[in-house]
Engineer: 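One structure is given below, represented as structure tokens, and several questions about it will come after.
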Amino acid sequence: MEEENFRLQPDWIKEVQAKHVLHWNYRGFVEVPRELQHAGDQLEEIYMKWNYISQLPSWFTAIDHLTNLYLFGNEISYLPEELGSMTSLSVLDFGHNQLTNLPASIVKLTRLRCLSVEFNSLTQLPSDIGKLKKLEHLKVNGNKLKYLPNSISLCENLSELIADLNHLKFLPQNIVYLPKLNFLSVKSNQLRFMPAVAFFKSPIEVLVEDNEYLNYLSFDMSSFIANSRIQMGRDEVFDFCNRKEKSSSPSDQNLHLISNSIHLKNSNEEVVLPPTLNKLHGHANKGCIISLQEYCLRIVYSMIYRLNRLNSSCLQNQISNILPVNITNLFLDGPTALCHRCKKPIFREAIMILFSRAIPLMNLNLIKKMKLTVFFCERSCYYESDFLEKDSILQREIEWVS
């Protein structure tokens, strides 16, 4: 102990003891100074940006009055599990470090409002990140994330989510139900599709530029992508047929999806559909019948879960003990889509129209031609919808193959 005390800097100890907010940016530190362990009990905010710190020692977590911690621009590759004991933290910034994972205990920081881990090497986030009920701002851009946890929909105060420059191929379906989300940025990812259901909160700004594989949106989602501005006018309508049963009337068939994708005939273009959707019915097929299982899913879901009174925690308590796990998870994720006409939930089966439309992109003087999907729960809704009355071109069909 004497040797350790000898290495302490008296001037630093005096500086730490005299402050509640400590600014030690650009100091050239290669480790967290021990002076904080001996004299930092009263500190509430610590700024140690742009140093060369490689890890956060476990003793640091004993500074239990700390509310704001900024370690942006260091070389931290490891965070101790003890981090979860710093329950006073409301702001945590580990941006521009070398983290490959976050400790599971981070979800114990129930007062956390802002979490920034941008530009690290994270491959996943804690599966139960939804326990961070007070989280308002989440920055995970510039990592190696392939997916976002479904539980993110339980972050009921989340207003800003930035996940650009990752490897995301899809977003959780239930992300659209975040009640306070007003900014979502998922630029420069590998998205194949966006959720088909419109966002629960409106207005909301959604940025999806530079997702080269994203070649279609749902009709509802497109209004958000285009900042609620959609240029009217369509020049193509697409329908599907089963590769094994080619027909001059492709819409008379049912499409059982293979790998949840369809292809434009005589083209290499692929349209990837949500993984929960496993059967499409042709809208002109007079004999198409929605399965009993799909009807049951819709009825039970509607009975216990109202979209205009979203309460995921309540839902989980209601169904987790009475339904099979796979059905419980399906309901917690939310419907794959909503019927365009009657707004009934759709899970695994639907009638779907795929057409193209010119969309003005938000904040850009560009108009992009993008394919859009419209879902119907059954044939009667398709024929009674306003699409047939206002857009007769939708009756023109071009063959797709699965």
Side-chain angles (χ1 to χ4, degrees), residues 1-122 125-126 129 131-132 134-144 160 162:
M1 179 65 73
E2 291 181 0
E3 183 180 354
E4 184 178 79
N5 286 335
F6 179 78
R7 290 197 294 266
L8 297 176
Q9 299 293 325
D11 291 343
W12 289 3
I13 290 181
K14 290 181 181 179
E15 182 181 0
V16 171
Q17 290 175 333
K19 294 182 176 180
H20 290 277
V21 178
L22 182 65
H23 289 271
W24 274 0
N25 302 321
Y26 297 97
R27 293 293 189 100
F29 296 139
V30 296
E31 61 181 16
V32 177
R34 282 279 184 173
E35 286 75 8
L36 295 177
Q37 182 182 16
H38 290 269
D41 289 344
Q42 83 292 343
L43 289 173
E44 297 176 5
E45 298 184 23
I46 294 179
Y47 296 78
M48 288 192 291
K49 298 181 180 180
W50 296 113
N51 285 286
Y52 302 96
I53 299 168
S54 60
Q55 66 176 0
L56 193 68
S58 57
W59 59 256
F60 183 86
T61 61
I63 307 176
D64 53 10
H65 290 98
L66 200 62
T67 61
N68 294 32
L69 176 59
Y70 300 88
L71 287 164
F72 182 96
N74 279 273
E75 299 176 359
I76 298 173
S77 59
Y78 168 78
L79 296 175
E81 282 293 332
E82 290 86 351
L83 182 67
S85 66
M86 303 182 72
T87 53
S88 295
L89 280 172
S90 63
V91 177
L92 196 53
D93 186 353
F94 287 112
H96 285 266
N97 277 276
Q98 299 175 13
L99 296 170
T100 57
N101 61 73
L102 296 175
S105 64
I106 199 170
V107 301
K108 296 180 181 179
L109 305 179
T110 54
R111 297 181 183 178
L112 200 62
R113 294 185 298 102
C114 302
L115 175 60
S116 175
V117 288
E118 57 185 335
F119 293 100
N120 281 272
S121 297
L122 299 175
L125 298 176
I129 194 172
K131 291 182 179 179
L132 299 177
K134 293 188 177 181
L135 190 64
E136 299 175 9
H137 307 279
L138 177 60
K139 296 182 179 181
V140 295
N141 46 305
N143 282 279
K144 300 178 181 179
E160 179 186 53
I162 302 176

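One-based numbering along the sequence shown. We use all heavy atoms of the structure for the numbers below, so side chains are in, but hydrogens, waters and symmetry mates are not.
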Engineer: Run the numbers on T110 and K131 for side-chain contact (heavy atoms from CB on, under 4.5 Å), then give the verdict.
Structural biologist: CA-CA 7 Å; T110 54; K131 291 182 179 179; 6.0 Å; no
Engineer: Would you sort out whether V117 and L122 count as a side-chain contact (heavy atoms from CB on, under 4.5 Å), showing the intermediate values?
Structural biologist: CA-CA 8 Å; V117 288; L122 299 175; 3.6 Å; yes
Engineer: Just by modelled atom types, is the V140 backbone N or O under 3.5 Å from a matching donor or acceptor in the E118 side chain?
Structural biologist: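 No; zero donor-acceptor contacts below 3.5 Å.
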Engineer: How far does CZ of F94 sit from CG of L56, to the nearest 0.5 angstrom?
Structural biologist: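 One finds 5.5 Å between CZ of F94 and CG of L56.
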Engineer: To check you understand the geometry: which heavy-atom pair defines the closest contact between V107 and P126, and what is its length?
Structural biologist: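 Answer, listing the atom of V107 first, then P126: CG1-CB, 4.0 Å.
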Engineer: Can any side-chain N or O of N25 pair as donor or acceptor with the backbone N or O of H23 at less than 3.5 Å?
Structural biologist: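 A pair under 3.5 Å: no.
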Engineer: Which pair of non-hydrogen atoms, one from L22 and one from E15, has the smallest distance, and what is that distance?
Structural biologist: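 What the structure gives for the nearest pair is CD1-OE2, 4.1 Å.
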Engineer: Any side-chain heavy atom of L71 within less than 4.5 Å of one from D93?
Structural biologist: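 SC-SC contact between L71 and D93 ruled out.
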Engineer: Distance from W12 atom CH2 to W24 atom CH2, nearest 0.5 Å?
Structural biologist: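 Those atoms lie 6.0 Å apart.
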Engineer: Any chance you could lay out the side-chain contact (heavy atoms from CB on, under 4.5 Å) test for I106 and L92, step after step, and finish with the verdict?
Structural biologist: CA-CA 10 Å; I106 199 170; L92 196 53; 4.1 Å; yes
Engineer: Of the non-hydrogen atoms in L132 and L112, which two are nearest, and what is the gap between them?
Structural biologist: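 Of all heavy-atom pairs spanning L132 and L112, the closest is CD1-CD2, 4.4 Å.
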Engineer: In Å and rounded to the nearest 0.5 Å, what is the OG to CG distance from S77 to N97?
Structural biologist: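 Reported to 0.5 Å precision, the distance equals 9.0 Å.
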Engineer: For Q9, does its backbone N or O pair with a side-chain atom of D11 as donor and acceptor, under 3.5 Å?
Structural biologist: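 Not confirmed, D11 side chain does not pair with Q9 backbone.
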Engineer: Does D64 offer a backbone N or O that forms a donor-acceptor pair with the side chain of S88 under 3.5 Å?
Structural biologist: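 Side chain of S88 to backbone of D64: a pair is present.
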Engineer: Do W59 and L36 make a side-chain contact, defined as non-hydrogen atoms from C-beta onward lying under 4.5 Å apart?
Structural biologist: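 Answer yes - side chains close enough.
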Engineer: Tell me if the OH atom of Y52 is crowded by more than 12 foreign heavy atoms within 6.0 Å.
Structural biologist: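 No, the 6.0 Å shell around OH holds no more than 12 heavy atoms from other groups.
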Engineer: Between L135 and R113, is there a side-chain heavy-atom distance shorter than 4.5 Å?
Structural biologist: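 R113 vs L135: side chains apart.
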Engineer: What are the two closest heavy atoms between I13 and A39, and how far apart are they?
Structural biologist: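 Looking at all heavy atoms of both residues, the closest pair is CG2-CB, 3.9 Å.
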Engineer: I would like to know whether V32 and F60 meet side-chain contact (heavy atoms from CB on, under 4.5 Å); could you show each step before the answer?
Structural biologist: CA-CA 8 Å; V32 177; F60 183 86; 3.7 Å; yes
Engineer: Rounded to the nearest 0.5 Å, how far apart are CG of L43 and CG of L69?
Structural biologist: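 Atom-to-atom, L43:CG and L69:CG are 11.0 Å apart.
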Engineer: Any donor and acceptor pair, going by atom type alone, linking the side chain of N120 with main-chain N or O of N143 inside 3.5 Å?
Structural biologist: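 Not at all, since once roles are kept as given, no pair shorter than 3.5 Å links the two residues.
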Engineer: What distance separates I46 CD1 from T67 OG1, expressed to the nearest 0.5 Å?
Structural biologist: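 Taking CD1 in I46 and OG1 in T67, the distance rounds to 9.5 Å.
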Engineer: Minimum heavy-atom separation for I63 and G40, please, with both atom names.
Structural biologist: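 Minimum heavy-atom separation between I63 and G40: CG2-O, 3.2 Å.
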Engineer: Is the closest side-chain heavy-atom distance between P33 and M48 below 4.5 Å?
Structural biologist: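 Answer yes - side chains close enough.
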Engineer: Under 3.5 Å, is there a donor on one side chain and an acceptor on the other for S58 and E82?
Structural biologist: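 Judged by distance alone, the side chains do not pair up.
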Engineer: Can any side-chain N or O of N51 pair as donor or acceptor with the backbone N or O of N74 at less than 3.5 Å?
Structural biologist: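 No.
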Engineer: Inspect the surroundings of NZ in K19 and state if more than 12 heavy atoms from other residues, nucleotides or ligands are less than 6.0 Å away.
Structural biologist: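 Result for NZ/K19: enclosed.
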Engineer: Give a yes-or-no answer on whether the side chains of E160 and H137 include a donor-acceptor pair shorter than 3.5 Å.
Structural biologist: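 A donor-acceptor contact under 3.5 Å links the two side chains.
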Engineer: Find out whether I53 and E75 are in side-chain contact, i.e. whether some heavy atom of one side chain is under 4.5 Å from a heavy atom of the other.
Structural biologist: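 Side chain of I53 against side chain of E75, heavy atoms only: no contact under 4.5 Å found.
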Engineer: For the atom pair CG (L109) and NZ (K134), what is the distance rounded to the nearest 0.5 Å?
Structural biologist: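 Output value for this atom pair is 12.5 Å.
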Engineer: Can you give me the closest heavy-atom contact between Q42 and H20, atom names plus distance?
Structural biologist: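 Shortest heavy-atom contact: O-ND1, 3.2 Å.
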Engineer: Could you check whether atom CD of E81 has more than 12 heavy atoms from other residues, nucleotides or ligands sitting under 6.0 Å from it?
Structural biologist: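 More than 12 within 6.0 Å, yes.
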Engineer: Would you call the rings of W50 and H96 parallel, tilted or perpendicular, where under 30° means parallel and over 60° means perpendicular?
Structural biologist: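 It falls in the tilted class, 30° to 60°.
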